[in-house]
Amino acid sequence: MSVPELIRIVSRDSPMALAQVERVRAELAVLHPGVRTEVVPVKTTGDKWMGDLSKVEGKGAFTKEVDAALLAGEADLAVHCVKDVPADRPLPAGTVFAAFLKRDDVRDALVHPGGLTLDELPAGTRIGTSSVRRVAQLAATHPHLECVPFRGNANRRLEKLAAGEADALLLAVAGLERIGRTDVISEVLSTEEMMPPIGAGILALQCREDDRALIDAVSGLGDPDTYREATAERMFLHVLQGHCNSPIAGYARVDRGGELSLRACVFTPDGKTRLNAHEWAGRLDPATLGTSVAVALLRQGAREIIDGIPH
Ligand SMILES: NCc1[nH]cc(CCC(=O)O)c1CC(=O)O
């Protein structure tokens with residue numbers, strides 16, 4: 001196998017994204033000690049626009065410019081949070097996922113400067129989040145709390161919290177680990193309390209599909225269990241055809257015995273209706289499991305809920 005001499009890695013330029021790139025570089029250095037890497041940072045629409053994401057094509061806002069640089073040959077390898085890669089449509093033509101790195105924590109954390117837990121927060125506490133998934137679940141379990149729109153990369157959100165623009169935040173544990181800020185966590189929420197988004201905690205490596213040498217060189221960074229989980233979760237979302245305002249949550253898990261299961265939910269924005277499904281793959285491949293769970297939710301009325309939400 002001939003490994004390329006230089007691998008140019010493109011990614012968003014947020015501190016979290018650059019930390020992700022450093023993880024990829026470190027893992028590549030172990031696998032291929034001779035290889036040189038270069039970082040090509042780009043700003044995405046999602047980084048520049050601080051308003052409502054549904055106003056700027058919504059999904060793909062964090063990936064479009066990264067994909068463009070890859071396709072234009074300005075870089076060879078893109079690093080994406082799977083969570084930010086649209087699943088309702090195929091990957092941009094001419095690109096493929098070459099590896100899913102070993103999954104990080106899938107859970108969300110509460111960041112409250114006073115160190116309170118979610119259940120201890122007083123009525124009227126302002127939670128900074130623009131995530132329809134988080135808003136719907138909080139409305140169901142903690143209706144006395146108030147969500148206020150909050151955008152920007154995780155470091156920016158922590159700054160805005162410190163400036164008093166909200167009283168507390170919900171952020172992914174994995175993201176806080178990557179930026180080295182787990183010190184701000186006041187409570188890690190269980191997946192029952194706050195079901196994670198599809199693709200949580202997974203980094204994907206994306207290449208041009210004709211770049212065989214590079215695909216071969218980086219595929220060794222892939223984790224087989226994470227591949228199964230990501231495949232089931234993304235097929236679930238593909239069949240469901242949500243939009244960027246759809247409160248959808250779910251995660252697949254390979255248990256110690258190697259069995260894959262997928263649980264998922266669709267909520268109304270007010271959290272009052274929650275559809276649930278949980279299935280084991282058994283002899284089904286991961287993508288078929290994803291389809292089966294999506295069909296189970298569609299039978300319960302997921303289509304009507306999703307289509308009834310303005311977007
Ligand atoms: N939308 C931004 C984003 N994309 C991925 C993560 C977290 C890390 C991950 O799940 O890979 C975050 C931040 C957050 O939701 O707190």
Side-chain angles (χ1 to χ4, degrees), residues 11-24 43-54 56-64 66 78-87 97 99-112 127-138 147 149-161 166 168-182 184-189 191 194-206 223 226 229-230 233-234 237 242 244-252:
S11 127
R12 290 170 62 186
D13 68 351
S14 69
M16 189 187 302
L18 295 175
Q20 294 167 180
V21 170
E22 288 313 310
R23 169 173 170 190
V24 173
K43 267 209 189 330
T44 66
T45 307
D47 294 306
K48 287 180 256 180
W49 171 255
M50 283 303 133
D52 190 344
L53 276 183
S54 61
V56 284
E57 76 206 298
K59 282 176 294 189
F62 293 107
T63 53
K64 203 177 87 173
V66 173
V79 180
H80 287 299
C81 290
V82 171
K83 173 179 153 180
D84 296 333
V85 180
F97 284 142
F100 295 103
L101 304 196
K102 188 166 171 48
R103 191 170 210 171
D104 292 325
D105 204 317
V106 301
R107 295 171 298 173
D108 277 343
L110 177 71
V111 177
H112 180 256
I127 312 286
T129 180
S130 294
S131 153
V132 291
R133 172 187 64 87
R134 289 170 177 147
V135 170
Q137 293 185 77
L138 272 187
C147 290
F150 229 65
R151 290 272 332 283
N153 67 48
N155 298 72
R156 275 289 295 140
R157 290 189 213 187
L158 291 176
E159 284 167 24
K160 287 163 67 173
L161 174 68
L169 299 180
L170 289 175
L171 286 171
V173 172
L176 290 167
E177 281 170 349
R178 291 176 195 153
I179 62 168
R181 288 308 308 272
T182 51
V184 298
I185 294 177
S186 47
E187 184 186 20
V188 174
L189 305 179
T191 53
M194 182 57 65
M195 192 171 281
I198 295 306
I202 302 177
L203 298 180
L205 304 185
Q206 191 181 5
D223 176 70
T226 305
E229 293 173 1
E233 291 176 20
R234 284 181 55 80
L237 205 49
C244 61
N245 284 336
S246 319
I248 297 172
Y251 64 101

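Every number for a ligand or one of its atoms is a count from 1 in the order of the listing. Values below: all heavy atoms of this structure, side chains included; hydrogens, waters and symmetry mates excluded.
Within the 3.5 Å criterion, the main-chain N or O of Ala200 finds a donor-acceptor partner in the side chain of Arg103. Under the 3.5 Å distance criterion, the side-chain polar atoms of Thr44 are left unmatched by any main-chain donor or acceptor of Arg12. Side-chain N or O atoms of Thr182 include none that pairs as donor or acceptor with a backbone N or O of Glu177 at under 3.5 Å. Between the Arg234 side chain and the Val85 main chain, a donor and an acceptor come within less than 3.5 Å of each other.
Heavy atoms of Arg157 come nearer than 4.0 angstrom to ligand 1 in no pair at all. At least one heavy atom of Ala200 sits closer than 4.0 Å to an atom of ligand 1. Within the structure, the closest approach of Arg103 to ligand 1 does not fall below 4.0 Å when heavy atoms are considered.
The ligand atoms of ligand 1 that sit less than 4.0 angstrom from a heavy atom of Arg134 are 14 (C), 15 (O), 16 (O). For ligand 1, the atoms lying closer than 4.0 Å to a non-hydrogen atom of Ala172 are 7 (C), 14 (C), 16 (O).
For Cys81, every heavy-atom contact with ligand 1 shorter than 4.0 Å involves the side chain, none the backbone. Residue contacts with ligand 1, taken as heavy atom pairs separated by less than 4.0 Å, involve Leu171 via backbone and side-chain atoms alike.
Separating the CZ atom in Arg181 from the CG atom in Asn155 is a distance of 8.0 Å, to the nearest 0.5 Å.
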